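Everything numeric in this text was worked out from a predicted model, so none of it was measured.
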Amino acid sequence: TLTQSTVSGCTAGAGGGPNGPGGGGGGIANLTGGVLRIDASTLTGNRTGDGATFMVPGSDGRGGGLLCQADCTLNNVTLSGNAIGTSAAGAAAQGGGLFVSGGTTRLRNVTVAGNTANSTGGGIARFAGTVRMRNSLFAGNTGATSNHDCTTNSAASIVSEGYNLIRVNDGCAASFTGTDQEGTSVTPLEPLLGALAANGGPTDTCALGAGSPAIDHGDALGCASWNPVLAQDEPLVVDQRGEPRPVDGDGDATAICDVGAFEAAAAPPIEHLLTVTVDGAGSGDVTSVPAGIACPGDCTESWVLTQNVQLSATPASGSYFSGWSGACSGSGACNFTMATDRTVTATFGLLRALDVAVAGPGGGSVASTP
């Protein structure tokens, strides 16, 4: 079990002769029979060894950051800047950030970014075993030709548990679900991810930039970590840095976990503008509850998008209220929430006087309808 730790600048073995492979797992190798749990930690700048090059080259080691031949659990973890091999001498290998070749690997709120392989799967590669991912982010990884962020030889063995984001999904397309966000090689989905840096807390992380599609796009029911001992989910109430999660990162008045190991700071509440116009031959006033509109005079006001607003129209002497147009209609109550910018027009008509006189030698009465 590894918690709040950094594994950096490590290199696996250099391979055996005359054509042996480079050692796997530049940062950590969890071998057959092992059980590994990593929480709130960063693996960066680790490399596997080169394969031997005499006659037939041996493969470079797999899993520049992490090799999982047995069960691995990663909660709130960043894999960034890890790579396959120290040169191009050995035969191509996969899994610059993570290579899975056995057991079950669970990724919960993990960021895999900026890793490199000299084959496919610069970010993550699965050869055997099962990968189960949830609320995790894969972006900016580099492979030799394609499948930069993720690759697998069995789509059924990479299982999305939802709410993941992958910048370019050309290698694990069949593994993602309706709640996942996926980009393509033609239209990458940019997560606006910052470089690995000291963003607070004991380990370096990759911050989410303003407007990132990863912000508030996790599970609305809350983040969860996996406890491999109890074999169950547990609430995850902080990010990798120890900052609270979830927070309302997009200002929509609903706090939802961000995707990946980093939880962006709370954003100012979104506000929308209400514009009221008084129109017609008559005259009158429009006021609002809550206070803010007193038109004519003060005819604009901004409110947060969840605010309910009620408008009332009061005609002046000699005028009458004809009705609403815009965000309201008819002549009854005008109520709405400020979910978007809104415009409302209140129309007042001018009352006209009808004078009736009774004349002549006879008598009678005159009635009107109305």
| query | Between L137 and P191, what is the shortest heavy-atom contact and its length? | reply | CD1-CB, 4.1 Å
| remark: Shortest non-hydrogen pair, V110 vs S136, comes out as N-OG, 3.1 Å
| said: Tell me which pairs pass disulfide bond (SG atoms under 2.5 Å apart) where either residue lies in residues 235-265, with sequence neighbours left out. | reply: C223-C257
| field | Taking every non-hydrogen atom, the tightest pair across N82 and L43 | value | ND2-O, 2.9 Å
| note | Value for CG (L192) from SG (C206), rounded to nearest 0.5 Å, stands at 13.0 Å
| Heavy-atom side-chain proximity of M338 to L274 below 4.5 angstrom | yes
| Roughly how far, to the nearest 0.5 Å, is CG of L193 from OG1 of T111? | 6.0 Å
| field | Interatomic distance, L165 atom CG to F138 atom CZ [nearest 0.5 angstrom] | value | 9.5 Å
| query | If only atom types and distance count, is the side chain of S225 paired as donor or acceptor with the main-chain N or O of L236 below 3.5 Å? | reply | no
| task | Test D219 against R134 for salt bridge (charged side-chain N to carboxylate O under 4.0 Å, His left out), laying out the working first. | result | CA-CA 9 Å; D219 190 345; R134 181 176 178 181; 2.9 Å; yes
| field | W324 backbone acceptor or donor facing S329 side chain under 3.5 Å | value | no
| query | Pick from N141, T142, N46, T44: which one makes a side chain to side chain donor-acceptor pair (under 3.5 Å) with N115? | reply | N141
| field | L79 and I124: CA distance, side-chain angles, deciding distance, side-chain contact (heavy atoms from CB on, under 4.5 Å) verdict | value | CA-CA 10 Å; L79 297 170; I124 175 175; over 6 Å; no
| query | Can you list the residues that meet the salt bridge (Lys or Arg N to Asp or Glu O under 4.0 Å) rule with E190, with sequence neighbours excluded? | reply | R167
Under 3.5 Å, sequence neighbours excluded: what are the donor-acceptor pairs made by side chains of residues 288-299?
unit_1 : atom_1 : unit_2 : atom_2 : d
S288   : OG     : P290   : O      : 2.7
S288   : OG     : G292   : N      : 3.3
S288   : OG     : I293   : N      : 2.9

| said: Checking the side chain of S157 only, and the main-chain atoms of A155 only, is there a donor and an acceptor separated by less than 3.5 Å? | reply: no
Return a table of donor-acceptor pairs under 3.5 angstrom between the side chains of residues 300-313 and protein atoms on other chains or two or more places apart.
none

| Can you check whether G323's main-chain N or O pairs, donor with acceptor, with S331's side chain at less than 3.5 Å? | no
| note | Rounded to the nearest 0.5 Å, the CG atom of N30 sits from the CG atom of L67 at a distance of 8.0 Å
| field | Gap separating the NE2 atom of H217 from the CG atom of L208, nearest 0.5 angstrom | value | 12.0 Å
| Pairing residues for R342 by the salt bridge (Lys or Arg N to Asp or Glu O under 4.0 Å) criterion, not counting sequence neighbours | none
| field | A156 versus V159, closest heavy-atom pair with distance | value | O-CG2, 3.6 Å
| task | Scan residues 341-370 for pairs that pass ring pair (Phe, Tyr, Trp, His ring centres under 6.0 Å), counting only residues two or more places apart or in two chains. | result | F321-F348
| field | Backbone N/O of G249 and side chain of D258: donor-acceptor pair under 3.5 Å | value | no
| Partners of R245 by salt bridge (Lys or Arg N to Asp or Glu O under 4.0 Å), sequence neighbours excluded? | E263
| query | In terms of side-chain heavy atoms, does S146 have a donor or acceptor partner in D170 at a distance below 3.5 Å? | reply | no
| task | Have a look at Q94 and tell me which of N118, N153, T120 forms a side chain to side chain donor-acceptor pair (under 3.5 Å) with it. | result | T120
| request: Without swapping roles, check the side chain of W226 against the backbone of N75 for a donor-acceptor pair under 3.5 Å. | output: no
| request: Kindly state each residue pair satisfying ring pair (Phe, Tyr, Trp, His ring centres under 6.0 Å) with at least one member in residues 143-197, sequence neighbours excluded. | output: none
| task | For C10, check disulfide (SG to SG under 2.5 Å) against everything at least two apart and list the hits. | result | none
| Residue pairs involving residues 142-200 (criterion disulfide bond (SG atoms under 2.5 Å apart); sequence neighbours excluded) | C150-C172
| field | Residue of the set I215, D216, I256 for which side-chain contact (heavy atoms from CB on, under 4.5 Å) holds with D248 | value | D216
| query | Given T205, which of N199, N76, T78 fulfils the side chain to side chain donor-acceptor pair (under 3.5 Å) condition? | reply | N199
| query | Any side-chain donor paired with an acceptor under 3.5 Å for Q232 and N227? | reply | no
| said: According to side chain to side chain contact (heavy atoms under 4.5 Å, CB included), who are the partners of D341, at least two apart in sequence or on a separate chain? | reply: H272, L273
| message | Holding to salt bridge (Lys or Arg N to Asp or Glu O under 4.0 Å), I want the full list of residues that pass it with R37, two or more places apart in sequence or in another chain. | response | D39
| note | Of all heavy-atom pairs linking D180 and N164, the shortest is OD1-N, 2.7 Å
| Minimum heavy-atom distance V344-A327, with the two atoms named | CG2-CB, 3.7 Å
